[in-house]
Amino acid sequence: MRTLDTVMGIPMSIDIRDDGDWSAAARAAFESMHEADRRFSRFRAESEVSAVNRGDIVPDEFSADLREVLDIGRAIEAASAEAFTLRAPDGTLDTDGIVKGWAAARAAAALRRAGIRTFCLNAGGDVAVAGTPDGSPWNIGIRSPSDAHRMLAVLSVTDGAIATSGAYERGAHIIDGRTGMPATAYASVTVIADDLTVADALATAVFALGSDGVGWALGQGARGVLALNSDGELVGAGELPFAHSLTDGRHPVSP
């Protein structure tokens with residue numbers, strides 16, 4: 001069964017291959033992501049993040065969820081020498097670099113707790129998969145930054161997560177915290193990891209770090225990294241399980 005919803009303004013889907021009616025589990029998974037949006041969106045006046053930015057609540061009053069996300073973000077800030085940042089250019093709190101992956105990872109964990117063994121959760125291109133549909137790994141397409149109708153690569157993954165960061169849909173929104181300016185070294189960065197929280201945060205961090213980021217991510221929990229730099233060159237490191245040859249005939253080079 002496959003179910004669809006729009007969360008955080010993004011089309012998302014859950015594809016469950018186990019036999020049975022898993023509608024309730026899918027609804028609960030989507031609701032957990034809606035709850036994350038209500039808590040962390042900077043664009044909702046009633047969200048907890050908006051309350052923090054207005055000064056309406058102090059750290060002692062933060063929810064357990066916000067504390068968890070801030071702990072993850074601060075660890076990556078420190079590891080990346082603050083290239084990754086939890087701050088928007090105006091200095092306000094911005095958890096966008098973590099929350100989508102964190103929320104989707106929690107939804108995937110809820111599906112597992114419900115007893116689902118084979119599924120693909122696609123949160124706007126950030127993907128968590130479990131099991132092997134029809135006895136084969138899941139094939140996850142990485143879109144070309146220059147053409148939404150073409151794939152840069154297709155990766156074959158079992159029990160893991162893939163996240164991609166880029167500037168091709170939302171513009172130059174990823175800030176290098178060291179300079180306060182948009183990061184421009186890469187057109188897209190894809191990270192494979194065991195967990196979607198890690199994959200999503202590291203994809204953003206690598207994008208912000210630039211050329212030093214690909215190899216760095218392998219020491220932070222990434223299984224593999226595939227990046228397209230601003231010169232059109234593919235750079236790869238770690239585990240890159242291509243389902244078939246890259247669509248444009250190029251092959252990644254080591255960082």
Side-chain angles (χ1 to χ4, degrees), residues 1-44 46-47 65 69 95-145 147-166 168-171 173 188 190-201 203-204 243:
M1 61 167 285
R2 188 166 187 261
T3 56
L4 305 172
D5 200 349
T6 299
V7 187
M8 304 178 185
I10 301 168
M12 298 189 183
S13 66
I14 298 174
D15 182 355
I16 298 172
R17 299 298 178 88
D18 291 16
D19 293 336
D21 182 359
W22 299 99
S23 301
R27 286 194 301 270
F30 278 126
E31 176 53 31
S32 73
M33 291 189 285
H34 280 296
E35 172 57 27
D37 186 31
R38 290 190 290 267
R39 183 177 299 281
F40 290 99
S41 174
R42 293 180 295 127
F43 307 104
R44 292 175 177 263
E46 72 278 12
S47 76
D65 286 349
V69 166
T95 59
D96 289 358
I98 294 175
V99 163
K100 184 172 70 159
W102 175 85
R106 290 216 309 179
L111 295 175
R112 293 186 183 95
R113 287 196 303 272
I116 301 169
R117 294 170 296 177
T118 307
F119 67 83
C120 174
L121 188 157
N122 186 334
D126 292 348
V127 180
V129 298
T132 54
D134 303 319
S136 300
W138 295 89
N139 288 334
I140 310 300
I142 311 300
R143 64 152 282 189
S144 166
D147 185 349
H149 302 290
R150 292 180 60 245
M151 292 295 108
L152 182 67
V154 178
L155 299 175
S156 185
V157 180
T158 299
D159 295 321
I162 293 179
T164 298
S165 288
Y168 44 84
E169 289 186 343
R170 295 174 55 194
H173 67 287
S188 75
T190 297
V191 171
I192 308 170
D194 293 337
D195 175 84
L196 192 50
T197 304
V198 173
D200 188 31
T204 303

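Count residues from 1 along the sequence.
For the side-chain hydrogen bond (donor to acceptor under 3.5 Å, both in side chains) test, no residue two or more places apart in sequence or in another chain qualifies with W138. In this structure D5 satisfies the salt bridge (charged side-chain N to carboxylate O under 4.0 Å, His left out) test with no other residue, sequence neighbours excluded. Remark: R106 engages D65 in a salt bridge (charged side-chain N to carboxylate O under 4.0 Å, His left out) (not counting sequence neighbours). Taking D195 as the reference, nothing meets the salt bridge (charged side-chain N to carboxylate O under 4.0 Å, His left out) condition, with sequence neighbours excluded. For R112, there are no salt bridge (charged side-chain N to carboxylate O under 4.0 Å, His left out) partners, not counting sequence neighbours.
In terms of modelled atom types and a separation under 3.5 Å, the side chain of R113 and the main chain of G115 share no donor-acceptor contact. In this structure, D18 contributes its side chain and T118 its backbone to a donor-acceptor pair below 3.5 Å.
The existence of a salt bridge linking R39 and D37 is excluded, since no basic side-chain nitrogen approaches an acidic carboxylate oxygen closer than 4.0 Å.
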K100 vs D200, salt bridge (Lys or Arg N to Asp or Glu O under 4.0 Å): CA-CA, chis, key distance, verdict: CA-CA 8 Å; K100 184 172 70 159; D200 188 31; 5.7 Å; no
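Using a 4.5 Å cut-off on side-chain heavy atoms (C-beta onward), V157 and I162 make contact. For the pair I16/I14, a side-chain contact is recorded, criterion being any heavy-atom separation below 4.5 Å from C-beta on. Residues M151 and S144 form no side-chain contact, since every pair of their non-hydrogen atoms from C-beta on lies 4.5 Å or further apart. With a 4.5 Å cut-off on side-chain heavy atoms, P11 and L4 do not count as touching.
Within a 6.0 Å sphere centred on CZ of R117, other residues, nucleotides and ligands contribute 12 heavy atoms or fewer.
Closest approach of A130 and D159 over heavy atoms only: CA-OD1, 3.2 Å. When all heavy atoms are compared, the tightest approach of T158 to P137 is OG1-CB, 3.3 Å. Among all heavy-atom pairs drawn from M8 and A36, the shortest one is CE-CB, 4.2 Å. For the residue pair V198 and A193, the shortest heavy atom distance occurs at CG1-CB, 4.0 Å. In plain terms, the two heavy atoms of M33 and A103 that are nearest each other are CG-O, 3.6 Å.
Atoms CZ and OG, from R42 and S47 in turn, are 10.0 Å apart once rounded to the nearest 0.5 Å. Of the inter-residue distances, the one linking R17 atom CZ with D134 atom CG reads 6.0 Å to the nearest 0.5 angstrom. In this structure, the separation between CG on L121 and CG on L111 is 6.0 Å, given to the nearest 0.5 Å. W102 contributes atom CH2, which lies 12.5 Å from atom CG of L196 (distance to the nearest 0.5 angstrom).
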Kindly list each side-chain donor-acceptor pair under 3.5 angstrom involving residues 22-32, sequence neighbours excluded, with atom names and distances?
residue: W22; atom: NE1; partner: D19; partner atom: O; Å: 3.0
residue: S23; atom: OG; partner: D21; partner atom: OD1; Å: 2.6
residue: E31; atom: OE2; partner: R38; partner atom: NH2; Å: 2.4
residue: S32; atom: OG; partner: A29; partner atom: O; Å: 2.7

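Just one of D126, L152, I140, I142 meets the side chain to side chain contact (heavy atoms under 4.5 Å, CB included) condition when paired with T190; it is I142.
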